[in-house]
Visitor: 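The structure under discussion is supplied below as structure tokens; questions concerning it will follow.
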Amino acid sequence: MVMKMLLFLFIVQPAVRDRDHKFLTQAIGEAYKGVECKDGGPFGAVVVRNDEVVVSCHNMVLRNTDPTAHAEVTAIREACKKLNQIELSDCEIYASCEPCPMCFGAIHLSRIKRLVYGAKAEAAIAIGFDDFIADALRGTGFYQKANLEIKQADGTGAVIAEQVFEKTKEKFTLY
């Protein structure tokens with residue numbers, strides 16, 4: 001058993017590292033491409049299934065005039081369309097940078113089985129991209145760019161909003 005484990009560590013791990021390097025390099029190439037064509041910031045993502053690239057995307061925030069068109073979200077949207085499914089549980093995603101909370105949420109909701117990222121978020125923060133959402137969630141933010149009030153509705157609004165789930169549970173299956 002120990003010998004099998006050693007073989008795994010010395011033979012399989014380099015193959016996994018090489019594979020990860022290959023797809024991560026493609027995601028990084030997308031980051032450069034997105035900046036060159038002025039589509040958005042320097043972020044790229046690649047969705048892979050069975051060692052085949054399903055989609056390779058970059059940040060499209062400026063091109064689409066859409067603040068949610070981050071590379072990971074764009075890649076997930078495109079992969080779902082291409083595969084005609086909303087669950088990507090047999091896929092992996094390679095991101096040029098550590099995903100922001102929105103992108104991480106999309107990765108989680110799509111059920112992607114594995115995330116490999118290159119740069120830490122601090123590298124993007126260092127050139128002006130902010131992570132104030134993560135800071136707000138962690139309670140570590142020194143400033144808040146947006147003055148956003150967050151309040152749950154009370155009274156009838158909350159009740160009728162919650163009833164939607166109870167009234168539709170028999171009609172809607174998620175997976």
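Atoms considered below: every heavy atom in the structure, side chains included; atoms not considered: hydrogens, waters and symmetry mates.
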Visitor: If only side-chain N and O atoms count, and only distance matters, is there a donor-acceptor pair under 3.5 Å linking Thr68 with Arg77?
Guide: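 Yes.
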Visitor: Are the side chains of Val61 and His70 in touch, meaning some heavy atoms are under 4.5 Å apart?
Guide: yes
Visitor: Heavy atoms only: give me the nearest Pro99-Glu72 pair and the separation to one decimal.
Guide: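 Closest approach of Pro99 to Glu72, heavy atoms only: CA-OE2, 3.8 Å.
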Visitor: Between Gln26 and Val53, is the side-chain contact (heavy atoms from CB on, under 4.5 Å) condition met? List the steps.
Guide: CA-CA 10 Å; Gln26 188 168 347; Val53 173; 3.5 Å; yes
Visitor: Asn64 side chain to Asp66 main-chain N or O, any donor-acceptor pair under 3.5 Å?
Guide: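 No, the answer is negative, given that no donor and acceptor are paired below the 3.5 Å cut-off.
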Visitor: Please find the pair of heavy atoms, one from Phe43 and one from Cys97, that lie closest to each other, and give the distance.
Guide: CD2-CB, 3.8 Å
Visitor: Would a hydrophobic clustering, with Ile, Leu, Val, Met, Phe, Trp and Tyr connected at side-chain separations under 4.5 Å, put Phe23 with Val55?
Guide: no
Visitor: What are the two closest heavy atoms between Val73 and Ala106, and how far apart are they?
Guide: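 Closest approach of Val73 to Ala106, heavy atoms only: CG2-CB, 4.0 Å.
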Visitor: Would you give the length of the straight line joining atom CD of Glu30 to atom CD of Glu36, rounded to the nearest 0.5 angstrom?
Guide: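 Nearest 0.5 Å value for the CD-CD distance: 12.5 Å.
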Visitor: Just wondering, do Leu83 and Arg49 contact through their side chains at under 4.5 Å, heavy atoms?
Guide: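 They are in contact (side-chain heavy atoms under 4.5 Å apart), so the answer is yes.
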Visitor: Going by heavy atoms in the side chains, are Val35 and His58 under 4.5 Å from each other?
Guide: no
Visitor: Donor-acceptor pair, distance only, cut-off 3.5 Å: does the side chain of Ser96 make one with the backbone of Ile28?
Guide: no
Visitor: If we ignore hydrogens and angles and just use 3.5 Å, is the side chain of Asn50 paired with the main-chain N or O of Glu52 as donor and acceptor?
Guide: no
Visitor: May I ask you to decide whether Lys22 forms a salt bridge with Asp51, counting only side-chain N to carboxylate O separations under 4.0 Å?
Guide: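 Here Lys22 does not pair with Asp51 in a salt bridge, since their nearest N and O are not under 4.0 Å apart.
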Visitor: Minimum heavy-atom separation for Glu87 and Ser89, please, with both atom names.
Guide: OE2-OG, 2.9 Å
Visitor: Counting C-beta onward and ignoring hydrogens, is there a side-chain heavy-atom pair between Leu62 and Lys38 closer than 4.5 Å?
Guide: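 Side chain of Leu62 against side chain of Lys38, heavy atoms only: no contact under 4.5 Å found.
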Visitor: Could you tell me if the side chain of Asp39 sits less than 4.5 Å from the side chain of Asn59, heavy atoms only?
Guide: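 They are not in contact (no side-chain heavy atoms under 4.5 Å apart), so the answer is no.
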Visitor: With clusters defined by side-chain heavy atoms of hydrophobic residues (ILVMFWY) lying less than 4.5 Å apart, directly or transitively, does Leu115 cluster with Val47?
Guide: yes
Visitor: Sequence neighbours left out, what passes ring pair (Phe, Tyr, Trp, His ring centres under 6.0 Å) with Tyr117? Give chain and number order.
Guide: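 Listed in chain order: nothing, the list is empty.
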Visitor: If every non-hydrogen atom of Ile93 is compared with every non-hydrogen atom of Ile112, which pair is closest and at what distance?
Guide: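 That would be N-CG2, 3.8 Å.
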Visitor: Taking all heavy atoms of Cys57 and all of Ala75, pick out the closest pair and write down the distance.
Guide: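 Between these two residues, the closest heavy atoms are SG-CA, 3.7 Å.
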Visitor: Using side-chain heavy atoms (C-beta onward) and a distance below 4.5 Å, is Arg114 in contact with Tyr94?
Guide: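 Yes. Closest side-chain heavy atoms under 4.5 Å.
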Visitor: Once you round to the nearest 0.5 Å, how far does CG of Leu88 lie from NZ of Lys82?
Guide: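 Between atom CG of Leu88 and atom NZ of Lys82 there are 12.5 Å.
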Visitor: Is the shortest heavy-atom distance from the side chain of Leu24 to the side chain of Val46 under 4.5 Å?
Guide: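 A side-chain contact is absent here, since even the closest heavy-atom pair is not under 4.5 Å.
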Visitor: Is the side chain of Glu98 donor-acceptor paired with the backbone N or O of Lys120 at a distance under 3.5 Å, no angle test?
Guide: no
